Structure formats: C-alpha cells, structure tokens
Amino acid sequence: MRIVLTGGAGFIGSHLADRLVAEGHEVIAVDNLITGFEENIAHLLGNPSFSYLRQDITLPFDIPGQVDWVLNLASPASPIDYLRLPLETLRVGSYGTHNTLDLARAKGASYLLTSTSEVYGDPQVHPQPESYWGNVNPNGPRSVYDEAKRYAEAATMAYHREFGLDVRIVRIFNTYGPRNRVDDGRVVPTFINQALRNEPLTVFGEGRQTRSFQYVDDLVEGLRLLMERGNHQPVNIGNPNEMTILQFARLIIDLTGSASEIVYRPLPVDDPQIRQPDISRARDLLGWEPRIPVEAGLQRTIDWYRTLARRS
Ligand code: UDP
C-alpha cells in the first residue's frame with residue numbers, strides 16, 4: 001500500500017512508519033517539525049519505500065500519485081506543547097483535519113484519525129468506554145487540544161456520512177516509549193530523566209490523580225489492527241493498568257535504582273483526576289489487547305534514555 005502519514009517524524013508516527021515500511025508498504029511521512037524531529041526518521045531516509053515531506057498540513061497540499069491510506073497523526077500532544085502552541089493546535093485539529101480528509105477523498109483512500117483520551121476530559125464515568133461523551137471544559141487552557149480533537153472527530157464522521165469516506169477513529173491513551181522527547185514535558189520522559197540524573201521527581205498536586213500507561217509497540221499493533229479490521233466507530237487503544245502518579249513516581253525510582261526524592265508542584269488547570277480505558281471494543285472488534293507489562297516497557301524506555309544521555 002502507499003500510505004501518507006502525517007506527524008510522521010513524531011514519537012508515535014515514526015514508530016508506525018517503521019512498522020509499515022517493515023511490512024513492505026510505501027510511506028510518505030509529512031511533518032512540519034514543530035514538535036517532531038528529523039532524527040526520529042533519519043534511519044529510514046535512505047529507504048526507497050520511505051520519503052519525507054516537510055509540510056504544514058494546515059495549508060492545502062497534494063501528494064502526487066495513488067494513495068491507499070491517509071493516517072493523520074499530526075498534532076502537538078503533550079500538555080506543555082499544546083499550551084505553548086494553542087493556535088497551531090487548534091489549526092491542525094481543524095484545518096489540518098479538513099486538508100487530510102480532502103486528500104483521502106480526492107484519492108479514494110481510507111482515512112485514520114488519531115484522537116485522544118482527552119476527549120473524555122476530567123471523566124465522571126470510570127473506566128471510559130467509547131460511548132461516554134466526556135466532561136470537557138470548552139474554553140479552559142486544555143480546550144485547545146481537547147476541543148480540537150473533538151472537532152476532528154466530528155469532521156471525520158461528517159466526511160464519512162456525507163461522502164461515504166472509509167474512516168477510522170482511534171482514541172489513544174497515555175503512551176510511552178523510545179523517541180518520546182526528553183523535554184516533552186509528559187510525565188514518563190520527565191520522571192525517567194529526573195531519576196537518571198538523581199534530581200527530584202516533580203509530582204503535580206498530591207499525585208493522587210491516575211493514568212494508565214501503554215507501551216508504544218502495543219499502540220502500533222492496535223493501529224494496524226484498526227486499519228485492517230475496524231469500522232467508523234471510535235476505538236480506545238490503551239493499557240487499563242491504572243496507577244496514581246505518586247505510585248508511578250515510586251515505580252520509576254525503583255526501576256532506575258535512583259537516589260531521587262519526590263517533590264510536589266501545583267496541579268495544572270483542569271488536569272484530569274482519573275483515566276483508564278475500557279478496551280472492550282478493541283478486544284471484540286480487533287482482537288487486540290496490550291501485551292507488554294508496564295515494568296518491561298518502562299525498562300526498555302529507561303535503557304533508551306540511558307543510551308541517549310551517554311551519547312549527548
Ligand atoms: N505530571 C506530574 N509531573 C510532571 C508531569 C506530569 O505529576 O512532571 C502529572 C500530570 O499532572 C498528569 C499526569 O502526570 O496528572 C500525566 O501528565 P502528562 O503530561 O504525561 O499527560 P496527560 O495525561 O495529562 O495528557
């Protein structure tokens with residue numbers, strides 16, 4: 001297949017590109033590098049099945065020739081990134097989604113939107129099934145991401161209903177692994193790198209809020225199965241293994257053997273207090289469930305950051 005992959009130089013995009021190229025597909029990665037890194041795809045650049053286009057997808061663009069799939073992964077996704085890039089985040093969720101939907105429509109291609117567990121906001125239903133409509137502050141600081149992704153889902157479904165476009169919507173829960181930028185601000189790279197430097201781990205609030213972390217390879221497997229077996233219904237892909245942020249900080253200290261202490265910092269505005277995916281639909285529809293235990297995935301990730309620290 002010939003596949004356009006936006007956000008192809010990002011953390012998740014570059015892992016998905018690796019998998020698709022390994023399966024023998026042709027990948028055209030599109031990225032404007034506002035949060036992506038060319039280094040993530042440097043190893044693919046000489047491969048004849050891979051090409052890279054530096055392009056802002058909020059502007060109309062064309063890909064010459066046949067296209068079988070448009071996979072839209074482009075967006076700032078870390079809270080510190082989207083709070084620093086509020087208008088870019090709104091634009092990529094709206095204009096960027098329309099431009100990629102138009103590309104899929106013009107090419108007769110199938111379309112996959114990467115949405116997010118953030119569409120559930122600070123949830124009042126736990127764990128979160130896809131049928132839950134969410135509890136989102138429509139104009140708070142996080143709304144630039146949450147509402148952009150909710151809009152992107154609405155646009156994707158409108159193209160499906162209006163034009164019969166073959167679409168998939170995946171709601172990705174917290175994901176970690178190699179290539180997640182050290183300064184990305186999300187809790188996994190932040191805690192691991194603080195622990196490796198024996199610096200204090202910065203727990204926000206009292207650390208009683210929960211998250212459920214999945215390893216990136218499990219997500220990539222879920223995305224491939226969704227492409228093959230999914231339909232237009234949104235599907236949660238995440239690891240239900242829920243823990244508090246304080247437990248997570250202690251786990252990272254344990255796994256790294258660090259001498260770090262824990263310090264407490266203010267909780268960000270509208271930080272969701274609980275989050276856990278209900279993955280019944282992914283199990284039933286795709287036959288998917290996460291396979292990599294959190295300790296094993298974290299160990300691989302810690303090793304990767306250790307190597308990175310030695311190189312720099
Ligand atoms: N968090 C934290 N310390 C940090 C970074 C994040 O305690 O240095 C918390 C944050 O408040 C949130 C959770 O960890 O409750 C996950 O944050 P992250 O930014 O990774 O992603 P989110 O799930 O909020 O999008």
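Please read all numbers here as calculations on a predicted model, not as lab measurements. Just the heavy atoms: all of them, side chains too, but no hydrogens, waters or symmetry mates, feed the values below. Counting starts at 1 for both ligands and their atoms, following the listed order.
In this structure, OG1 in Thr156 is found 8.5 Å from CG in Leu165, a value given to the nearest 0.5 Å.
Of the residues listed (Leu5, Leu20, Asp18, Val27), the one engaging Phe50 in a side chain to side chain contact (heavy atoms under 4.5 Å, CB included) is Val27, and it is the only one.
The protein residues lying under 4.0 angstrom from ligand 1, judged by non-hydrogen atoms, are Pro79, Glu118, Arg142, Asn174, Gly185, Arg186, Val187, Thr190, Phe191, Thr202, Val203, Phe204, Gln209, Arg211, Ile245, Pro268, Asp271, Arg275.
Not counting sequence neighbours, the partners of Glu39 by the salt bridge (Lys or Arg N to Asp or Glu O under 4.0 Å) test are Arg311.
Classification of the His160-His232 ring pair by plane angle, with boundaries at 30° and 60°, yields parallel.
Remark: the Thr6 side chain and the Asn72 side chain contain an N/O donor-acceptor pair separated by less than 3.5 Å.
Of all heavy-atom pairs between Trp69 and Met227, the closest is CZ2-O, 3.5 Å.
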